[in-house]
Amino acid sequence: MKDQSLPALDKDPADGASILSVPRTIRDSVIRIAGNSQDGIQSVGAMLARLAGRSEMDVMTYMTIPATISGGPSIFQVHMGAGEVLTPGDTSDILVAFYQHSYEDHLDNLRDGGILLYDSTHVRPDIGVLRARRITPAGVPMTSLTIEVLGGTGKQKGKNIFLMGLLARAFDLDMKKVRKLIKERFAGKDESVVRNALLALNGGYAYSIGNVMSLYSFEEPEATGRPKVTMTGNQALAYGAIAAGVRFGAAYPITPWTEVMEQLRRDLPHYGGTFLQTEDELAAISAALGAAYGGTVSMTGSSGPGIALKSEAISYAVMAEIPILIVDVQRGGPSTGLPTNVEQSDLNQALHAGHGDAPRVVMAPANVEDCFYLVIEAVRIAHKYSVPVMFLSDQALATRIEAFNLPDLSTLKQVPPAPREALATHMAYDLESITCHAPPGTRIKDGKYPNITGLEHTENGHPSANPKTHAAMTAKRRDKLVALARELPPPEVYGPREGEILLVGWGSTGGIIRESVDRAASQGRTLSSLHLRHLNPLPEGLEEIFLRFQHVFVVEMNDCDTNGCGHLGRLLRAETCLKRIRGITKTDGLSFRVREILQRLPEVETAAETP
Amino acid sequence: MKDQSLPALDKDPADGASILSVPRTIRDSVIRIAGNSQDGIQSVGAMLARLAGRSEMDVMTYMTIPATISGGPSIFQVHMGAGEVLTPGDTSDILVAFYQHSYEDHLDNLRDGGILLYDSTHVRPDIGVLRARRITPAGVPMTSLTIEVLGGTGKQKGKNIFLMGLLARAFDLDMKKVRKLIKERFAGKDESVVRNALLALNGGYAYSIGNVMSLYSFEEPEATGRPKVTMTGNQALAYGAIAAGVRFGAAYPITPWTEVMEQLRRDLPHYGGTFLQTEDELAAISAALGAAYGGTVSMTGSSGPGIALKSEAISYAVMAEIPILIVDVQRGGPSTGLPTNVEQSDLNQALHAGHGDAPRVVMAPANVEDCFYLVIEAVRIAHKYSVPVMFLSDQALATRIEAFNLPDLSTLKQVPPAPREALATHMAYDLESITCHAPPGTRIKDGKYPNITGLEHTENGHPSANPKTHAAMTAKRRDKLVALARELPPPEVYGPREGEILLVGWGSTGGIIRESVDRAASQGRTLSSLHLRHLNPLPEGLEEIFLRFQHVFVVEMNDCDTNGCGHLGRLLRAETCLKRIRGITKTDGLSFRVREILQRLPEVETAAETP
Amino acid sequence: MQDTNTSFPETAANGTAAPEHAHTLTKAQLKADKPTWCPGCGDFAVLAAYQKLLEKLNVPQESIVTLSGIGCSSRFPYFVNTHSVHYIHGRILPFTTGLSLTRPDLHPFVFIGDGDAFSIGGNHFDHCARKNVRMTVIVMDNQVYGLTKKQTSPTSPVGFRSKTDPWGSKVTALNPTKKLISSGASFVARTIAANPAHLLEMLEEATNHDGFSVVECLSECVQFNGGCFDGAVPRKGGEFPLVPDDHDVTDEEAAYALTKKRFPGYFGVYYKSRRPTLNETEAEIVGQAESRPKGLLASEVLMSALERLT
Amino acid sequence: MQDTNTSFPETAANGTAAPEHAHTLTKAQLKADKPTWCPGCGDFAVLAAYQKLLEKLNVPQESIVTLSGIGCSSRFPYFVNTHSVHYIHGRILPFTTGLSLTRPDLHPFVFIGDGDAFSIGGNHFDHCARKNVRMTVIVMDNQVYGLTKKQTSPTSPVGFRSKTDPWGSKVTALNPTKKLISSGASFVARTIAANPAHLLEMLEEATNHDGFSVVECLSECVQFNGGCFDGAVPRKGGEFPLVPDDHDVTDEEAAYALTKKRFPGYFGVYYKSRRPTLNETEAEIVGQAESRPKGLLASEVLMSALERLT
Ligand SMILES: Cc1ncc(C[n+]2csc(CCOP(=O)(O)OP(=O)(O)O)c2C)c(N)n1
Ligand SMILES: Cc1ncc(C[n+]2csc(CCOP(=O)(O)OP(=O)(O)O)c2C)c(N)n1
Ligand code: SF4
Ligand code: SF4
Ligand SMILES: [Mg+2]
Ligand SMILES: [Mg+2]
């Protein structure tokens with residue numbers, strides 16, 4: 001939790017302190033770089049993030065992806081600092097504007113009293129406006145200086161690295177580390193590329209922006225001794241899957257899932273596994289199920305449209321009881337929707353895709369670190385209960401970079417491939433125990449080999465339309481989830497255990513909701529929050545928790561019903577029948593901001609709920 | 001409603017009256033014919049049903065389909081009578097047993113005091129058991145007599161018609177009508193076929209079973225003057241679609257949906273339309289959407305597995321706002337499940353199939369008549385709101401025969417093909433009004449032609465990732481359903497408007513639930529019931545109704561959660577937050593029986609619900 | 001009951017309504033959104049050729065329908081001002097089938113990428129081809145997944161390095177013309193975006209064909225597969241071999257044999273033959289069925305059907 | 001972290017683990033549920049042939065996997081006592097792909113109907129064929145949808161009267177061997193259930209082929225398409241023409257030409273050629289990748305990857 005009492009860049013312009021008045025150490029800062037997608041702003045952003053990680057700072061990034069292939073305006077925002085960084089930042093402390101359109105589109109996002117660092121080759125700011133908002137302008141002819149430094153061949157390619165130098169100077173960053181980063185970034189490239197990059201870096205570092213920005217240096221974070229990794233949610237998910245024991249995967253490309261499969265395709269062979277790009281999503285889940293049947297820990301994934309195509313096979317996985325991880329990196333929907341925007345509107349699909357009574361597990365990571373650890377838990381659950389697990393990431397998590405402690409692999413449990421020792425006898429669908437298939441290759445000594453099937457079946461997998469059998473098998477499939485629910489960690493409330501308002505969330509909004517609680521506290525208002533990683537089955541004890549609050553607001557990025565509830569809100573209402581559960585939902589394709597959440601809370605309205 | 005005070009075959013063995021004691025007129029009777037699927041029992045059953053319809057009687061049938069292609073044991077049950085027939089009958093009054101296995105498997109279903117009519121060529125009943133249960137045995141050597149009548153060529157093919165003759169005599173049926181039916185049945189066949197059939201019929205009619213069965217004759221039903229049609233739910237659905245204006249359909253075969261498409265394939269050309277068998281379900285819904293886009297009233301359909309495959313396109317239909325009827329004739333699930341059994345476990349899929357926030361209409365017919373009329377309403381709604389409508393029938397409805405008044409087509413509204421008059425200007429996705437597409441071929445005078453798209457879009461159908469646009473368009477799609485909800489007829493309670501227990505149902509259980517209310521009344525217990533035809537949006541006013549009852553039991557054939565609620569139960573809990581809503585659910589692949597419902601009601605437990 | 005007796009609109013000789021008068025379209029009329037493709041993308045040339053085709057086609061603007069699936073190429077409908085549909089990935093062929101069967105007065109043109117056509121959508125091609133559904137399909141083949149940024153496509157050649165085959169694809173590529181000929185497409189041609197004259201010629205021939213007509217058009221993805229078709233562009237040192245003059249376009253086996261030629265392969269019409277379209281056979285079924293209950297309104301037909309069930 | 005270093009099990013020369021000792025299976029061992037097919041159904045003969053094949057195959061019983069989709073034919077797995085899978089309609093090929101790639105020690109046999117194979121599942125055939133995934137597929141072609149009781153199948157001939165084409169199908173039938181050859185299947189044969197000796201021979205050849213091997217087996221549906229194959233049964237007055245002796249099975253065009261022959265067509269092996277399987281090329285990629293971080297455990301490889309991200 002970010003300690004609000006430490007000196008920080010003023011988040012609240014109302015306190016009147018000018019940024020120019022005193023030189024100070026800052027705890028965290030939000031830097032937004034706005035340019036075009038071709039400018040390499042993503043690599044500066046990523047380097048800044050990595051640098052933060054290497055300095056044991058916390059970091060979270062945010063980026064937008066231009067809607068067209070040919071590129072276009074794009075931003076990359078880095079929130080880094082010594083405290084716990086929970087959001088990519090509602091507003092920025094520093095705006096870097098490469099072009100006039102960057103300046104115009106993003107000035108609103110710069111907080112009053114912030115700093116505008118602009119490329120004076122392209123941008124002409126409106127000084128009147130800046131003055132009124134107490135924004136400090138710092139114009140640097142980045143384009144022309146870069147060309148100058150690199151020898152005037154007209155390349156502006158180093159502009160981003162030049163900017164890196166500027167920022168290194170402004171924040172008093174460790175130049176040794178920065179140079180190392182740059183060398184790593186261009187490793188394998190031509191010598192001259194690295195040389196040019198270092199030239200540009202030094203050029204930026206040497207340029208004096210005046211006394212505006214050289215005044216800041218980040219507070220020293222507490223040394224934990226444990227190095228930090230920085231990566232995107234998609235990367236963390238892929239590494240988590242590998243750590244979990246996944247050795248086969250199959251999928252079809254789709255934004256924003258694609259990087260997961262690309263990485264697994266590249267990396268799995270190093271672990272003796274493989275990843276298959278199939279002709280479509282139906283083939284993908286089928287191949288993954290085939291491998292899982294073979295005893296290999298297996299997964300598939302997609303985004304909303306592709307998961308829809310997998311629906312029939314998901315129903316099969318439930319019926320045949322095949323363990324499998326199914327990742328949905330959600331984007332804006334419905335249909336092709338908003339492919340490069342964020343939304344949490346696939347929860348209903350995750351819960352209900354496919355026909356018939358088909359209970360499956362649904363889980364969602366709260367942040368990048370979770371993408372790594374929770375996927376390991378998901379794979380464990382899939383195998384313990386022979387059940388498909390739907391894993392709901394989203395576009396925001398997929399693309400944002402966060403830092404977290406280098407995992408200690410020795411403490412993690414990996415699911416091994418299914419054993420194939422000979423068995424005396426085997427019933428595929430034993431009613432007395434949780435299903436655990438004997439993979440093909442297993443000798444069954446009594447000579448009766450098992451059938452795996454999507455027809456309703458007897459305990460040994462033969463078709464049966466017997467009424468009792470169907471009822472018993474339906475219960476068997478459902479009861480696994482009941483057993484899992486009992487095993488889940490009890491939900492933890494952040495903030496006071498009872499009170500006026502509880503915010504409930506799931507998925508990528510984890511940090512934003514916690515930050516909302518903190519921000520409210522700093523404004524003198526007490527909130528609590530609860531973040532659900534397990535959406536089906538839900539952990540036990542939710543009703544008791546909700547009853548301790550007058551209002552329960554479920555914050556989610558999806559559409560609401562007439563009661564104002566989104567997907568999770570409705571689920572929780574169905575589960576607990578509490579009308580105090582309402583929703584704070586939106587469908588604009590953007591991540592929540594702390595401000596948006598706080599603004600939508602009732603004004604000290606404490607009237608008890610009507611039943 | 002069946003009047004319990006009229007003389008009827010004793011339903012309750014406890015009253016001690018023997019069936020043999022007094023000759024009497026009966027109001028209704030349940031006849032179960034048990035044999036093998038090759039015996040033509042379905043055609044006798046269907047003829048009995050049609051005969052009932054022609055005699056202005058009410059009728060409902062029930063059949064089982066053998067699990068294997070090569071056939072096997074099968075039953076056909078006919079419940080016919082002068083009163084309102086709401087169920088195919090929990091137990092039978094008369095059991096016809098062709099074989100020993102028929103006798104053994106179905107004797108339990110025959111009520112104590114009932115009549116066993118058996119083929120003494122094959123069946124040896126246990127007289128002791130019959131006597132203990134006061135069952136009247138009537139053995140007729142049906143097989144050998146049929147062979148005798150037909151000239152001893154060893155054919156047993158006429159056995160079913162011989163039985164028809166026996167039954168005609170036993171129930172004093174109008175033989176003129178019976179002969180006409182048989183002639184119709186074999187119309188187009190060889191002369192000799194008809195002759196043989198009539199021979200067999202007469203043989204049966206001439207055979208004297210003694211005084212056991214000739215004692216009954218059906219009460220004269222009140223003449224309405226309006227002729228009745230008898231048909232299965234699948235037939236009614238197909239005719240309803242035609243009446244509604246559907247002129248294009250596309251689908252892939254799957255039990256128990258197939259007959260709908262087979263009939264439409266045969267019949268639509270007579271109305272200038274066509275029906276396409278596609279390579280798979282994804283192609284089917286796509287073709288239907290293509291035709292709908294072209295302005296033709298259009299539909300697709302399937303059973304659970306095929307609907308799952310249509311999920312992605314359903315999400316498109318919502319986004320692009322294309323009117324389309326999507327029929328799901330549900331069977332037992334999940335996966336291939338129980339293809340020839342009944343279940344209502346696709347409700348969650350109907351509500352949520354596909355990704356993103358994709359509001360669509362969900363409706364379900366309560367009986368065969370509804371299959372006809374409600375599908376007309378579904379098509380009207382689809383076109384009024386440019387929205388896909390999911391129409392949930394099921395295996396029981398699909399295969400059972402009921403009689404209902406010959407529709408008066410002049411009172412029905414048909415949806416015409418979309419008009420194509422030139423327009424001055426046109427916005428495909430106008431935010432100010434409900435979407436109504438101009439089909440291709442429409443001249444747009446201002447020269448700006450519309451795009452239909454699954455990407456989020458501006459009002460004129462061009463892609464947009466603008467946050468406000470997505471939020472507004474999401475609301476536009478959702479608000480159509482809000483508007484529809486306001487238009488829906490208020491739900492009607494059957495029985496007292498308030499009380500201890502309200503039974504809520506949907507789909508094919510309509511009659512069974514009403515019969516439960518009646519049966520309970522005859523046993524001195526007051527119940528009420530409510531049947532929902534509209535499942536999304538739900539009609540308004542449900543909460544107020546539920547609040548008038550101490551317990552609300554949602555009766556459905558699907559699996560329950562830990563609160564005992566099935567799919568609709570959970571939906572109603574989410575909507576109303578009333579814990580008094582609980583479920584009476586089951587998943588044994590069979591239709592509910594009145595007895596099963598009544599047995600699961602609480603014993604005069606009137607304690608108020610805890611909140 | 002309102003009686004519409006909806007039937008297929010009157011079918012002209014070849015299944016399309018004859019235009020009443022000249023409908024010359026101008027480029028300006030056909031212009032819509034500014035294309036968002038990368039500068040230099042081959043798809044621009046396909047768009048230009050399509051617009052030229054429409055200018056020459058002489059049919060009412062409202063009778064043209066531009067349809068697509070999902071992909072860079074499938075952004076097509078937004079860039080041309082006609083009735084248009086942007087559907088889902090891989091399924092635009094059956095969508096167009098529904099449209100084509102019910103609206104013979106329209107001219108449906110489908111534009112899709114190689115992934116949309118042959119990966120996720122491959123089966124629909126086979127069945128549309130076999131059934132010979134009337135429509136014109138242009139596959140803009142860049143041998144890569146463009147929109148999702150460089151994954152291997154079924155048409156990617158062996159050795160192609162993509163994000164899903166960093167070590168180079170090792171799998172036999174799908175040969176579009178071969179697939180189309182063997183599955184029964186009644187018109188199959190091959191062209192390249194870099195040769196606008198040839199491209200337009202192929203589009204015209206395809207449009208004039210009554211049946212399922214497909215043009216495979218090589219269209220370079222400068223972003224992820226730059227230079228891939230240089231070997232087929234004479235001004236870049238490549239060659240542009242035309243289908244031999246003596247090739248019999250109605251000879252399926254000969255057409256099949258043509259597909260064997262290595263890159264750049266032949267350009268031109270591989271196969272073309274007239275056989276009944278599904279549109280025709282279905283219209284025939286309707287015609288026969290409708291003629292039976294002569295002159296009856298739809299409601300009368302329905303009423304007598306219902307009466308048979310009393 | 002438990003180190004399993006899961007890798008593909010050691011691959012023998014042709015991708016299958018060599019059996020250690022004789023594993024003669026008996027008919028009794030292979031017997032499972034009593035088949036529920038209609039008496040006289042052609043599928044019985046396919047089952048019998050498969051059991052004979054397994055008896056001769058000399059591999060451990062547990063290494064045989066019998067897989068299917070949905071259909072009458074797809075009930076197959078229940079009637080033979082091996083590890084077996086009854087999957088969903090049309091997708092068993094990709095399912096088997098996942099199994100085949102990860103378990104080279106197994107022998108996967110797929111049994112499916114013409115509808116499962118070529119209607120809903122058609123695209124997967126093309127891609128499995130192109131990628132040459134190691135498995136043996138037997139398509140039990142009865143030219144009709146059996147399980148759903150007589151609808152037109154893609155292989156139903158023109159004129160076939162079904163419940164969805166009461167006036168007779170008017171659409172060109174799909175030619176399975178043609179489809180398979182053109183899509184790149186590396187073994188394609190054709191046989192008939194009514195000729196058990198030929199059937200067994202084809203099954204054996206297919207089983208011995210290393211790659212994607214497909215046998216189209218005509219199997220009469222007595223219930224809904226009785227007598228349809230009489231023309232291929234000499235004792236019913238038909239003829240059973242074998243693939244000509246001089247046919248070169250490695251010549252794709254010649255094989256394609258063979259498919260032209262009208263019913264009953266040729267029986268025997270149309271095409272057979274050895275090219276790298278996906279199993280081999282993927283194993284190669286794994287081999288190369290694994291050899292790089294020499295001797296490292298999976299957890300060490302992962303750790304160093306994560307450390308690169310610090
Ligand atoms: C069901 C589904 N799966 C995947 C995607 C993601 N996707 C969009 S376009 C595309 C392939 C693009 O390749 P191609 O069809 O060759 O078109 P190109 O962009 O190269 O023109 C993919 C995989 C999607 N939109 N929908
Ligand atoms: C997704 C889905 N669609 C449709 C069906 C219904 N269905 C089962 S088998 C079958 C076709 C059977 O024909 P074929 O594959 O030729 O096998 P056969 O029964 O003739 O052996 C169909 C349409 C299904 N089970 N699943
Ligand atoms: S990515 Fe390739 S195909 Fe797509 S617009 Fe750019 S150049 Fe064209
Ligand atoms: S229906 Fe046909 S294919 Fe199916 S079991 Fe019977 S004869 Fe065989
Ligand atoms: Mg492409
Ligand atoms: Mg078949």
Side-chain angles (χ1 to χ4, degrees), chain A residues 67 303-305 307-309 311-312 315-316 318-320 332-338 340-341 343 345-346 348-349 351-359 453-456 463 465 467-468 470-471 474-475 478 482 558-559 562-563 565 570-571 573-575 577-579 586-590 611, chain B residues 67 303-305 307-309 311-312 315-316 318-320 332-338 340-341 343 345-346 348-349 351-359 453-456 463 465 467-468 470-471 474-475 478 482 558-559 562-563 565 570-571 573-575 577-579 586-590 611:
Chain A
S303 188
I307 299 293
L309 287 172
S311 304
E312 191 203 1
S315 187
Y316 177 87
V318 172
M319 183 60 138
S335 199
T336 312
L338 294 165
T340 56
N341 287 70
E343 201 160 274
S345 55
D346 285 353
N348 277 335
Q349 166 166 270
L351 293 163
H352 301 299
H355 54 289
D357 287 299
T453 174
L455 274 172
E456 190 55 286
K468 286 200 190 105
H470 184 44
T474 302
R478 177 224 309 146
V482 177
N558 55 42
D559 198 31
T562 40
N563 297 313
C565 287
R570 266 181 96 81
L571 182 67
R573 276 197 163 205
E575 193 65 23
C577 287
L578 293 174
K579 276 205 175 159
K586 67 166 191 169
T587 57
D588 62 0
L590 304 174
Chain B
S303 187
I307 299 293
L309 287 172
S311 303
E312 191 203 0
S315 187
Y316 178 87
V318 171
M319 183 61 138
S335 201
T336 312
L338 294 166
T340 57
N341 287 71
E343 201 160 275
S345 55
D346 285 353
N348 277 334
Q349 167 166 269
L351 292 163
H352 301 298
H355 54 289
D357 287 299
T453 174
L455 273 172
E456 190 55 285
K468 286 199 190 106
H470 184 43
T474 302
R478 176 225 309 146
V482 177
N558 55 41
D559 197 31
T562 41
N563 298 313
C565 287
R570 265 181 97 79
L571 182 68
R573 275 195 164 208
E575 193 66 22
C577 287
L578 293 174
K579 276 204 174 157
K586 67 166 192 170
T587 57
D588 61 1
L590 304 174

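Letters go in sequence order (proteins before strands), and every chain restarts at 1.
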* Taking every heavy-atom pair that is under 4.5 Å apart, which of B:R573, B:H470, B:Q349 has the most such pairs with chain A? -> B:H470

* Based on non-hydrogen pairs under 4.5 Å, which of B:G589, B:G354, B:A353 is most in contact with chain A? -> B:G354

* To do: Starting at NE2 of B:H355, measure out to CG of A:N348 and round the result to the nearest 0.5 Å.
  => 13.5 Å

* Asked: In Å and rounded to the nearest 0.5 Å, what is the CG to OG1 distance from A:L338 to B:T474?
  -> 8.0 Å

* Contacts of type side chain to side chain donor-acceptor pair (under 3.5 Å), residue B:E312, not counting sequence neighbours -> none

* Only counting residues at least two apart or in another chain, list the ones meeting ring-ring contact (aromatic ring centres under 6.0 Å, His included) with B:H352. => A:H352

* Structure fact -> So, the part of A:N558 with a heavy atom under 4.5 Å from chain B: the answer is both

* Separation of B:S311 OG from A:L309 CG (nearest 0.5 Å) -> 8.0 Å

* Rounded to the nearest 0.5 Å, how far apart are OG1 of A:T587 and CD of B:E456? -> 8.5 Å

* Structure fact -> Checked A:L351, A:L455, A:V318 vs chain B; the most non-hydrogen pairs under 4.5 Å come from A:L455

* Asked: What distance separates B:S315 OG from A:I307 CD1, expressed to the nearest 0.5 Å?
  -> 13.0 Å

* Below 4.5 Å, heavy atoms only, C-beta onward: do A:T336 and B:M319 meet side chain to side chain? -> no

* Would you say A:D357's side chain and B:D559's backbone share a donor-acceptor pair under 3.5 angstrom? -> yes

* Asked: Looking at B:P467, B:G333, B:A475, which makes the most heavy-atom pairs under 4.5 Å with chain A?
  -> B:P467

* To do: Specify which of A:A574, A:P334, A:S345, A:G356 makes the most heavy-atom pairs with chain B at under 4.5 Å.
  => A:P334

* To do: Output the option from A:G304, A:A308, A:G337 having the highest count of non-hydrogen pairs under 4.5 Å with chain B.
  => A:G337

